[in-house]
S.K.: 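Take a look at this one; I'll ask things after.
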Protein chains: 2
Amino acid sequence: METNRFRTLISEGRLKATKQREKILNIFLKSSGHQNLAQIYSQVAKENPKIGYSTVYRTLKLLTRFGMAAQRKFVDGETRYEPIAGGSHHDHLVCLDCGNIIEFENETLEILQNNIAQQYRFKISHHRMELYGRCADCELKKEIRRRKR
Amino acid sequence: METNRFRTLISEGRLKATKQREKILNIFLKSSGHQNLAQIYSQVAKENPKIGYSTVYRTLKLLTRFGMAAQRKFVDGETRYEPIAGGSHHDHLVCLDCGNIIEFENETLEILQNNIAQQYRFKISHHRMELYGRCADCELKKEIRRRKR
DNA sequence: CTTAATGCAAAAACTTTGCAGTAGA
DNA sequence: TCTACTGCAAAGTTTTTGCATTAAG
């Protein structure tokens, strides 16, 4: 369980496992991912309004340091946080109409990444790929709208 | 020439071609790319200190609307602007040590993008791929440092 | 002339931090 | 106890905007 991993990392760093941190972690892990700080904070506040914005901010920073969260920025400029599940890497399809973000995994991409890196004598640690466009739902809606005219 | 394209778009929109806009455009096009607003502004200010920060801001926004510039955010969180040369699409290798950004083009990537899109019934408009790691120079420097120890 | 663009300064929107009080280890 | 953590408020940053003035069409 992720919570245990968190506790281990906390004690290894001689830090403290507080109820605020655990609450934030749980909400963050349960979340849909791709939320910005304000969104995460508002969920936390719903369950415990006593927890301050800066605690959420600092906890997410801590989780990032622990490799349990990643800060991402998509083209809309929003800084969002996403939980990192151990191991599996995924990329994103971003719908420019409704803003929905779909995750996908692709092995070929991983291979391609290595080929490109080799070409430039780059030592890759990780990559990030985002495909922007219109999702099936929005495309359908657009079709329907078109027919009504 | 890009300047002509700019002038056409300006007049099509019944906007005005000012010397400020042209100066900013020229500096931006000549630039190395991947600069943030403050960096672009400081270059502009060097040549004409009368031009204000907001004019640079608004011009870059205009260029983005025109499809002549793109706002990009890498993992360091910086918002940077990059000139879009007509047609050719490229992606980025980002060195986590020195911060250098190398551009590359890859056809396979374009094909892969379409395959993935099809799988999710996504209608792709564009993509973005970034490879993070250590560039050849930094890797070499690290090697040398290691040997000295 | 008419209307968009500029430059300044100020507002807004985020992020980050200092510090006194609180609570884990 | 001892030291890290929290919450608040305040300070930074960066991005946007209102408005009187200027200049392009």
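Within every chain, numbering begins at 1; the chains are lettered A, B, ... in the order of the sequence lines, protein sequences first and strands thereafter.
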S.K.: Using the closest heavy atom to pick a nucleotide of DNA chain D for each, name whichever of A/Asn48 or B/Thr79 lands nearer the 5' end.
M.R.: A/Asn48
S.K.: Between A/Thr64 and A/Leu60 (side chain of the first, backbone of the second, donor and acceptor by atom type, cut-off under 3.5 Å), is there such a pair?
M.R.: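 It does hold such a pair.
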S.K.: Once side-chain hydrogen bond (donor to acceptor under 3.5 Å, both in side chains) is applied, do any residues pair with B/Arg14, and if so which ones, sequence neighbours excluded?
M.R.: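 With sequence neighbours excluded, B/Arg14 shows a side-chain hydrogen bond (donor to acceptor under 3.5 Å, both in side chains) to no residue whatsoever.
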S.K.: List in chain and number order the residues that pass side-chain contact (heavy atoms from CB on, under 4.5 Å) with B/Leu29, two or more places apart in sequence or in another chain; answer none if no residue qualifies.
M.R.: B/Glu2, B/Leu25, B/Pro83
S.K.: Go nucleotide by nucleotide along DNA chain D from the 5' end; which of A/Leu62 and B/Tyr81 gets its closest nucleotide reached first?
M.R.: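 Closer to the 5' end of DNA chain D: A/Leu62.
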S.K.: Taking side-chain hydrogen bond (donor to acceptor under 3.5 Å, both in side chains) as the test, write out the residues that go with A/Asp137, two or more places apart.
M.R.: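 Listed in chain order: nothing, the list is empty.
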S.K.: With a cutoff of under 4.5 Å between side-chain heavy atoms, which Ile, Leu, Val, Met, Phe, Trp and Tyr residues group with A/Ile144?
M.R.: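 Traced through the cluster, A/Ile144 reaches A/Leu140.
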S.K.: Can you sort out the partners of B/Glu47 under salt bridge (Lys or Arg N to Asp or Glu O under 4.0 Å), two or more places apart, ordered by chain and number?
M.R.: B/Lys23
S.K.: Measuring only between side-chain heavy atoms, which start at C-beta, is A/Arg21 closer than 4.5 Å to A/Leu15?
M.R.: yes
S.K.: Just how far, in rounded Å, is P of D/dT14 from CD of B/Gln39?
M.R.: 11 Å
S.K.: Examine distances only and state if a side-chain atom of A/Gln39 and a backbone atom of A/Asn36 form a donor-acceptor pair shorter than 3.5 Å.
M.R.: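 Flag set: sc A/Gln39 to bb A/Asn36 pair under 3.5 Å.
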S.K.: Extract from the structure each pairing of a protein N or O with an N or O of nucleotides 21-25 of chain C at less than 3.5 Å, listing the distance.
M.R.:
residue	atom	partner	partner atom	Å
C/dG24	OP1	A/Lys19	NZ	3.1
C/dG24	N2	A/Lys16	NZ	3.0
C/dG24	N3	A/Lys16	NZ	3.3
C/dA25	OP1	A/Ala17	N	3.3

S.K.: Taking side chain as C-beta onward, heavy atoms only, is B/Ile51 less than 4.5 Å from B/Tyr41?
M.R.: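 Answer no - side chains too far apart.
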S.K.: Output all residues satisfying side-chain hydrogen bond (donor to acceptor under 3.5 Å, both in side chains) with B/Tyr132, sequence neighbours left out; order by chain, then residue number.
M.R.: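 Counting only residues at least two positions away or on another chain, B/Tyr132 forms a side-chain hydrogen bond (donor to acceptor under 3.5 Å, both in side chains) with B/Glu130.
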S.K.: With each end axis built from five pairs of C1' atoms, what bend angle do you get for the helix from C/dC1-D/dG25 to C/dA25-D/dT1? Round to 10°.
M.R.: 40°
S.K.: Only counting residues at least two apart or in another chain, list the ones meeting side-chain hydrogen bond (donor to acceptor under 3.5 Å, both in side chains) with B/Gln20.
M.R.: none
S.K.: Assess, by modelled atom type and distance only, whether the side chains of A/His90 and A/Glu82 contain a donor and an acceptor separated by less than 3.5 Å.
M.R.: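 There is such a pair between these side chains.
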S.K.: Among residues 64-73 of chain A, which ones have heavy-atom contacts with DNA chain C below 4.0 Å?
M.R.: none
S.K.: Rounding to a whole Å, what distance do you find between A/Asn36:CG and C/dA13:P?
M.R.: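 So the two atoms are 14 Å apart, to the nearest Å.
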S.K.: Categorize B/Ser11 for me: base, sugar-phosphate, or nothing, with a 4.0 angstrom heavy-atom threshold over every strand shown.
M.R.: nothing
S.K.: Inspect the contact between A/Glu22 and A/Arg7 and indicate whether a charged nitrogen and a carboxylate oxygen are less than 4.0 angstrom apart.
M.R.: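 A/Glu22 and A/Arg7: salt-bridged.
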S.K.: Mind checking whether B/Met129 and A/His127 have side chains closer than 4.5 Å, heavy atoms only?
M.R.: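 Yes; the side chains approach each other to less than 4.5 Å.
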S.K.: CZ of B/Arg21 versus C1' of D/dG25: gap in Å, rounded?
M.R.: 13 Å
S.K.: Tabulate atom names and distances for all N/O pairs under 3.5 angstrom spanning the protein and nucleotides 18-22 of chain D.
M.R.:
none

S.K.: Does OP1 or OP2 of C/dT16 have a side-chain N or O of A/Tyr57 closer than 4.0 Å?
M.R.: yes
S.K.: What is the distance, to the nearest angstrom, from the CD1 atom on B/Ile24 to the C1' atom on C/dG7?
M.R.: 12 Å
S.K.: Just the atom pairs and distances: protein N or O near nucleotides 10-12 of chain C's N or O, under 3.5 Å.
M.R.:
none

S.K.: Tell me whether the centres of the aromatic rings in A/His34 and A/Tyr81 are closer together than 6.0 Å.
M.R.: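 A/His34 vs A/Tyr81: aromatic centres not under 6.0 Å.
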S.K.: Just call it for A/Leu37: base, sugar-phosphate, or nothing, with non-hydrogen atoms closer than 4.0 Å on any strand.
M.R.: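 If one applies the 4.0 Å heavy-atom cut-off, A/Leu37 turns out to touch nothing in the nucleic acid.
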S.K.: Tell me the closest heavy-atom pair linking A/Ala17 and A/Ile10, and the distance in Å.
M.R.: N-CG2, 3.6 Å
S.K.: Quickly work out the A/Tyr53 OH to D/dA11 P distance and round it to whole Å.
M.R.: 19 Å
